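Written out below as structure tokens is the structure these notes cover.
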2 protein chains.
Amino acid sequence: MTKKKLGTWRIDRQLVEQISRHAAFGRRRKFKKNAMLYEQGEVSTRFYFVLKGLVQISIFRADGSEVVLELMGPETVCGEGSAFDGLPRFSSAAAIEDTEAIEFDTSKMTEIFRAHPEFATSLLRVTSLKQRVVAIRLKHLASREPQDRIMELLTRLEEMFAIDHPKGRLLVTHVTHEQIATMTGTSRVTVTRTLQRLREQNRIDIVDGHILLKRRPNTS
Amino acid sequence: MTKKKLGTWRIDRQLVEQISRHAAFGRRRKFKKNAMLYEQGEVSTRFYFVLKGLVQISIFRADGSEVVLELMGPETVCGEGSAFDGLPRFSSAAAIEDTEAIEFDTSKMTEIFRAHPEFATSLLRVTSLKQRVVAIRLKHLASREPQDRIMELLTRLEEMFAIDHPKGRLLVTHVTHEQIATMTGTSRVTVTRTLQRLREQNRIDIVDGHILLKRRPNTS
DNA sequence: GCCATCTCGTATAGGGCGATACAGCCCGGA
DNA sequence: TCCGGGCTGTATCGCCCTATACGAGATGGC
């Protein structure tokens with residue numbers, strides 16, 4: 001179990017198959033590490049189904065600071081929001097590893113939907129799932145408590161990237177305190193302190209550099 | 001200019017027409033004030049296009065506290081997220097005024113899309129727009145500064161519900177400090193103080209109980 | 001007209017977070 | 001092997017937010 005980098009997002013197998021089945025409507029593209037899939041502000045009808053690699057989705061504030069929304073690994077969809085509503089991209093997507101993806105274009109989609117309505121349903125499921133994840137993040141970010149914000153991230157990572165462990169669930173994703181800080185809108189120091197506190201509260205543990213979420217008798 | 005209650009959300013005319021055109025696939029329903037359109041946790045394939053009234057969308061935290069996501073007025077869509085992804089509702093929707101809406105059911109949607117692919121495209125635009133709004137809210141909620149959080153809400157309200165005024169834009173929506181507090185995740189006192197500070201900074205003004213966003217020479 | 005309720009303004013005390021700085025650790029490269 | 005950089009753990013300090021409380025003004029019911 002090396003420190004493999006994974007994303008922060010996953011969709012279920014059935015949905016992945018549905019989308020893969022319609023891959024012929026898009027074209028395969030490769031992105032070198034540090035290349036941009038798309039940039040905040042541009043208008044585009046393209047969206048991506050990631051096959052390999054890792055893509056970081058972030059929003060840049062007016063003052064230049066960055067809010068990392070997600071890390072999208074294989075078998076995830078990104079960029080579909082702005083591709084469908086036709087407004088400027090609200091986020092940027094950068095390949096942080098060499099990445100392969102299928103690029104779809106929404107401009108011909110209506111006609112494709114006529115012959116393949118199930119593809120429309122699949123895409124609606126994708127956008128709905130994203131809406132859900134973002135709304136739930138909102139619920140927790142609405143709290144000003146760093147502990148809430150951080151536990152939300154950890155729980156989300158657990159659902160997607162944890163493996164069973166005698167004491168609970170072990171996150172195979174490796175994230176630094178710094179990354180947690182930018183994803184939760186707190187400072188790096190506070191992340192360190194909060195994780196420390198969670199350890200004292202016996203809610204988490206650190207095993208070989210990975211975070212272990214302990215089985216909790218009382219629900220959070 | 002009475003204190004008319006309006007929502008916090010609006011979609012463009014073209015999209016409204018597109019959806020109205022397919023109203024026959026749903027059925028008209030009425031909800032009395034305080035009735036629930038749907039409740040957090042339930043599984044349902046129904047979603048709503050509000051025609052009249054006002055619906056409050058909120059998420060309840062484990063400790064019982066409420067985060068108000070949106071106030072949906074006429075010509076808005078709600079509930080489509082959980083209706084399409086098939087997972088339990090992550091939010092509740094309560095009519096806070098007598099409300100009329102068209103209730104759609106996603107279970108037969110794939111077949112409808114075959115004959116009306118443009119309806120699928122419209123719905124994708126709706127979900128995409130929602131994703132956008134929530135993501136942008138996330139960007140601001142990621143900040144712990146109350147001023148960021150509150151200005152974000154005001155700016156959003158401005159785009160949707162402001163009228164021109166010699167000095168800037170006047171919000172016709174009336175919101176109490178308390179409501180702003182629950183929507184931005186701060187305390188009522190802080191809202192009062194922050195609005196005070198914004199007034200001193202000459203960024204806003206209060207006119208007849210309504211908030212006026214002053215024309216700003218330098219963009220925020 | 002009177003009182004209850006809601007909203008807004010303001011004060012105080014306490015705590016926790018941000019900024020900053022620094023030390024120890026691990027790991028990879030020269 | 002040694003060095004440098006990134007990551008983690010702490011410490012200090014100042015500031016601002018939360019909780020709480022109270023009063024004034026507006027509003028609405030009776």
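A, B, ... follow the sequence lines: proteins, then strands. Residue 1 opens every chain. The shown structure was predicted, so the numbers you read here are calculated from the model rather than taken from an experiment.
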Side chain to side chain contact (heavy atoms under 4.5 Å, CB included) involving Arg46(B) - partner list, sequence neighbours excluded: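 Result, side chain to side chain contact (heavy atoms under 4.5 Å, CB included) vs Arg46(B): Ser44(B), Tyr48(B), Arg89(B), Glu103(B), Asp105(B).
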
Round to a whole Å and report the spacing from [atom1] of [X] to [atom2] of [N].
X: Asp208(A); N: dT8(D); atom1: CG; atom2: P; value: 14 Å
X: Arg149(B); N: dC17(D); atom1: CZ; atom2: P; value: 11 Å
X: Gln179(B); N: dC6(C); atom1: CD; atom2: C1'; value: 12 Å
X: Glu145(B); N: dC15(D); atom1: CD; atom2: P; value: 14 Å
X: Ile204(A); N: dT8(D); atom1: CD1; atom2: P; value: 12 Å
X: Leu198(A); N: dG9(D); atom1: CG; atom2: P; value: 13 Å
X: Ile150(A); N: dT8(D); atom1: CD1; atom2: C1'; value: 14 Å
X: Arg144(A); N: dC17(C); atom1: CZ; atom2: P; value: 10 Å

In dot-bracket, 5' to 3', how would DNA chain D read with Watson-Crick or G-U wobble pairs under 3.5 Å, [ ] for crossing ones and | for pairs to another strand? ||||||||||||||||||||||||||||||

Counting only side-chain N and O atoms of Ser187(A), is one of them less than 4.0 Å from OP1 or OP2 of dC17(C)? no

Under 4.0 Å protein heavy-atom contacts per nucleotide of nucleotides 7-14 of chain C, with B for base, S for backbone only and - for none: SBBBB---

Residues that Asp205(B) engages under salt bridge (charged side-chain N to carboxylate O under 4.0 Å, His left out), provided they are two or more places apart: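 Lys214(B).
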
Under the salt bridge (charged side-chain N to carboxylate O under 4.0 Å, His left out) test, residues paired with Lys52(A) that sit two or more places apart: Glu100(A)

Could you pull out every donor-acceptor pair under 3.5 Å between side chains of residues 140-151 of chain B and any protein atom, sequence neighbours left out?
unit_1, atom_1, unit_2, atom_2, d
Ser143(B), OG, Glu145(B), N, 3.0
Ser143(B), OG, Asp148(B), OD2, 2.8
Arg144(B), NH1, Arg144(A), O, 2.2
Gln147(B), NE2, Gln201(B), OE1, 3.2
Arg149(B), NE, Ser143(B), O, 3.0
Arg149(B), NH1, Ala142(A), O, 3.4
Arg149(B), NH1, Thr184(B), O, 2.5
Arg149(B), NH2, Leu141(A), O, 3.0
Arg149(B), NH2, Leu141(B), O, 3.3

Can you list every pair that meets ring pair (Phe, Tyr, Trp, His ring centres under 6.0 Å) and has a residue in residues 68-100 of chain A, with sequence neighbours left out? Phe47(A)-Phe84(A)

Partners passing side chain to side chain donor-acceptor pair (under 3.5 Å) against Ser92(B) (at least two apart in sequence or in another chain): none

My understanding is that only residues two or more places apart in sequence, or in another chain, count here; which of them pass side chain to side chain donor-acceptor pair (under 3.5 Å) with Asp164(B)?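 Partners of Asp164(B) by the side chain to side chain donor-acceptor pair (under 3.5 Å) criterion, ordered by chain and then number, come out as Arg169(B).
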
Going through the distances and angles, do Lys130(A) and Glu70(A) end up as a salt bridge (charged side-chain N to carboxylate O under 4.0 Å, His left out)? CA-CA 11 Å; Lys130(A) 284 215 180 179; Glu70(A) 303 286 350; over 6 Å; no

Quick one: does Arg27(B)'s side chain get under 4.5 Å of Ile102(B)'s, heavy atoms only?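 Sidechains of Ile102(B) and Arg27(B): no contact.
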
